[in-house]
Protein chains: 2
Amino acid sequence: MDTFLPVELGHASRLVNHGPTVLVTSAHGGRRNVMAAAWSMPVEFVPPRIAVVIDKKTFTRELVAASGAFGICIPGTSLVDLTYAVGSSSGRDTDKFARQGLRWRDGPVLGMPLLEAGCAAWLECRLIPERHTEDAYDTCFGEVVAAAADRRIFARGHWEFRPDNADLQTIHHLGAGNFVRSGGTLRAAAASA
Amino acid sequence: MDTFLPVELGHASRLVNHGPTVLVTSAHGGRRNVMAAAWSMPVEFVPPRIAVVIDKKTFTRELVAASGAFGICIPGTSLVDLTYAVGSSSGRDTDKFARQGLRWRDGPVLGMPLLEAGCAAWLECRLIPERHTEDAYDTCFGEVVAAAADRRIFARGHWEFRPDNADLQTIHHLGAGNFVRSGGTLRAAAASA
């Protein structure tokens, strides 16, 4: 059963608005990689743009520079161990997809490898080259060109965190392998219905 | 009782590593302001640097440009209503500190107004002028020059999310006044002790 449905590009920023730790996927010339990134954020609603910090020493950065594209996959709580593992090793000499037994689908626009099993959502992004910020802050900007989410936790443009979808709830890295889970929805009193 | 203690600058990135929604504070020429920002991230550990998206139409942006400084305060769950309120109105014609009855302390290095009551932590930042990214992506970079946290939830360089400090646990904006709370610590199996 395919539980992933496309997300309107105008809603893509909502997938990362609350600051989850993400997996950055990349591919070029027959090689592919996946790493964890705690440091990402949206920067624009329309067109949907995001920023993500990818250290210039990483293999991911090399693949992203070569292909001009990357994927952002949002792991659920069941992928805590995987997230930490792919964030603690380099893919330069190892195919982390093979080692971790990961299946991926090819992104619909740019062909980036995108993870769905255990993930809440993904965004496929075209790199917006910004040499200075890439050099000075390892900060890479991208435009989201496709997005999808598991309809069990993101539907009709909104996250729905419920007790029955705890496995898909997002994780947020505190550091050193300790994560917190998003949950316990709070509603501001002044928010309109 | 003052429950805030200084945080080593080398640990400052940990305060925002997990993607909380923050309050951006600013002051210049006798005016001050506070707004909410869901879009921020660390970009470097040492020196500790962060990026935050501040729309160029906001009064905050005007004050930050004039003073070359801003504060980042991290609200706990008890400040959900305040966070949404200060994120939904402009401070150009209103002193939001006065309207919301907010008390602040002056930042130790740059004199930014910093909130402690109800907040888990704060960071005082010096703007790193980057005209292009400010213009193109509303993305402002800053270097953290001072930081402090409530020792009931951040101690010895680490967050400690426990049932007894739920009020100080961080909030993460999903959109439209809906927030999730960080909690339920998960530990990656491969993480060292």
Side-chain angles (χ1 to χ4, degrees), chain A residues 11 13-14 16-21 37-44 49-53 77 80-85 87-88 128 130 132-133 136-139 141 157-161 166 169-192, chain B residues 11 13-14 16-21 37-44 49-53 77 80-85 87-88 128 130 132-133 136-139 141 157-161 166 169-192:
Chain A
H11 295 164
S13 70
R14 299 178 187 179
V16 286
N17 199 73
H18 62 304
T21 293
W39 300 355
S40 75
M41 64 179 185
V43 301
E44 185 59 84
R49 290 175 169 165
I50 65 165
V52 58
V53 177
T77 59
V80 161
D81 291 348
L82 173 77
T83 301
Y84 191 67
S88 308
I128 306 172
E130 289 288 357
H132 172 65
T133 48
Y137 308 106
D138 286 330
T139 298
F141 290 92
H158 296 285
W159 287 103
E160 295 177 2
F161 290 79
Q169 288 172 17
T170 56
I171 58 176
H172 302 252
H173 194 216
L174 297 176
N178 292 306
F179 294 79
V180 283
R181 175 172 62 197
S182 276
T185 305
L186 304 165
R187 186 162 175 76
S192 56
Chain B
H11 295 164
S13 69
R14 300 179 187 179
V16 288
N17 199 73
H18 63 304
T21 293
W39 299 356
S40 74
M41 63 179 185
V43 300
E44 185 58 85
R49 290 174 170 165
I50 65 166
V52 58
V53 177
T77 58
V80 161
D81 291 347
L82 172 77
T83 301
Y84 190 68
S88 309
I128 305 172
E130 289 288 359
H132 172 65
T133 48
Y137 308 106
D138 286 330
T139 297
F141 290 92
H158 296 284
W159 286 105
E160 296 177 0
F161 290 79
Q169 288 172 17
T170 56
I171 59 175
H172 303 252
H173 194 216
L174 297 176
N178 292 306
F179 294 80
V180 282
R181 175 171 62 196
S182 275
T185 304
L186 304 165
R187 185 162 175 77
S192 55

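Both backbone and side-chain heavy atoms feed into the values below; hydrogens, waters and symmetry mates do not. All chains are named by letter (A, B, ...) in the order of the sequence lines, taking the proteins before the strands, and each is independently numbered beginning at 1.
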Relative to chain B, which of A:Glu130, A:His132, A:Arg14 shows the most heavy atom pairs under 4.5 Å? A:Glu130

Which atoms of [X] are under 4.5 Å from chain A, going by heavy atoms: the side chain, the backbone, both sets, or neither?
X        : result
B:Gln169 : neither
B:Ala51  : both
B:Arg181 : both
B:Phe161 : side chain
B:Leu82  : neither

Let's go through A:Trp39 and B:Asn17 carefully: what are the C-alpha distance in whole Å and the side-chain angles of both, what is the deciding distance for side-chain hydrogen bond (donor to acceptor under 3.5 Å, both in side chains) to 0.1 Å, and is it a yes or a no? CA-CA 7 Å; A:Trp39 300 355; B:Asn17 199 73; 2.6 Å; yes

Partner chain A: residue of [options] with the largest heavy-atom pair count (under 4.5 Å):
options                             : value
B:Thr133, B:Asp138, B:Thr170        : B:Thr133
B:Gly177, B:Ala38, B:Ala85, B:Ser13 : B:Gly177
B:Gly19, B:Ala136, B:Pro20, B:Pro42 : B:Pro42

Looking only at heavy atoms, which two atoms of A:Tyr84 and B:Ala188 are closest? And how far apart? CB-CB, 3.3 Å

Structural part of [X] lying under 4.5 Å from a heavy atom of chain B:
X        : value
A:His158 : neither
A:Ser182 : both
A:Ile50  : neither

Strictly under 6.0 Å, is that where the ring centroids of A:His173 and B:His18 end up? no

Rounded distance (nearest 0.5 Å) linking atom CD of A:Glu44 with atom OH of B:Tyr137: 10.5 Å

